[in-house]
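Report on the following structure.
Counting starts at 1 for both ligands and their atoms, in listed order. What you see is a predicted model; the values in this text were computed from it and never measured.
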Amino acid sequence: MKKVKLAVFASGTGSNFVTIAKEVAAGNLDCEISLLVCDKQDAKVLEKAKTFGVSTFVFNPKDYTGKAEFEQEILVKLQEFEIDWLILAGYMRLIGQTLLAAYPSRIVNIHPSLLPAFPGKDAIGQALAYGVKITGVTVHFVDEGMDTGQIIDQEQIRINDGEDRESLQRRIQEIEHRLFPEVIRNLCVKQYVR
Ligand code: GRF
């Protein structure tokens, strides 16, 4: 049977990319990462893609007239690689109509808060500044809004008294690295192959 093909979208460090790639390599996920899409030439995730032998599509948004134009180019790549699912792992842009229309209910994102609390940038900083006692991680389908799509799964974490940002971020990432592969495993089991 044809393997489910993922494209991971990332702009930064890529720890989630690495976790997913390791799970795939260990045979724990019935899919393959066929492509990494990245909007930053110097993102650390690019070195990681190289290590795992994953093809990359890197683009500079400034080279285009707008989102519709660069998403059209991304779409051509996704079709070339016969991608089934778009996995957003620290991709710091809103997905536009071009990709949403091409991949309806096939785009998932991970966010470091219990949505709908603290959407957008720096969710961990927002949670600390607000002083909530519980935060967490959300994996959700992507729609046109900012972290507003249907929630697939969540896990909560209690913020320790006086906990600093570094510690909370580390503990949140531990959850991410468990939760995201679990959700992807379920998506792959459903065999949503195009
Ligand atoms: C993660 O915390 C994820 O929740 C958020 O961006 C971060 C990406 O981290 N959307 P990494 O690049 O996977 O290490």
Donor-acceptor check, side chain of [X] to backbone of [Y], threshold 3.5 angstrom: yes or no?
X: Glu163; Y: Ile159; value: no
X: Thr148; Y: Glu144; value: no
X: Thr138; Y: Ser113; value: yes

Look at the rings of Phe59 and Tyr64 and say which category their plane angle falls in: under 30° parallel, 30 to 60° tilted, over 60° perpendicular.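 Rings of Phe59 and Tyr64: perpendicular, as their planes differ by over 60°.
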For [X], atoms of ligand 1 separated by under 4.0 Å from a heavy atom:
X: Gly90; value: 6 (O), 8 (C), 10 (N)
X: Glu176; value: 1 (C), 2 (O), 3 (C), 4 (O)
X: Thr13; value: 12 (O), 14 (O)

Name the closest protein heavy atom to atom 14 (O) of ligand 1, giving the residue it belongs to and the distance to 0.1 Å.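 So the nearest neighbour among protein heavy atoms is Ser15 OG, 2.5 Å.
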Inspect the contact between Lys77 and Glu80 and indicate whether a charged nitrogen and a carboxylate oxygen are less than 4.0 angstrom apart.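 A salt bridge links Glu80 with Lys77.
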Check this for me, if you would: do Arg178 and Glu174 make a salt bridge, where the nitrogen-to-carboxylate-oxygen distance has to be below 4.0 angstrom?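 Here Arg178 does not pair with Glu174 in a salt bridge, since their nearest N and O are not under 4.0 Å apart.
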Contact check: [X] vs ligand 1, nitrogen or oxygen atoms, below 3.5 angstrom:
X: Asn109; result: no
X: Ile110; result: yes
X: Gly14; result: yes

Ligand 1 contacted by Ala10 (non-hydrogen, < 4.0 Å):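 It does not; every heavy atom stays at 4.0 Å or beyond.
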Lys44: heavy atom below 4.0 Å from ligand 1, yes or no?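 No, Lys44 has no heavy atom closer than 4.0 Å to ligand 1.
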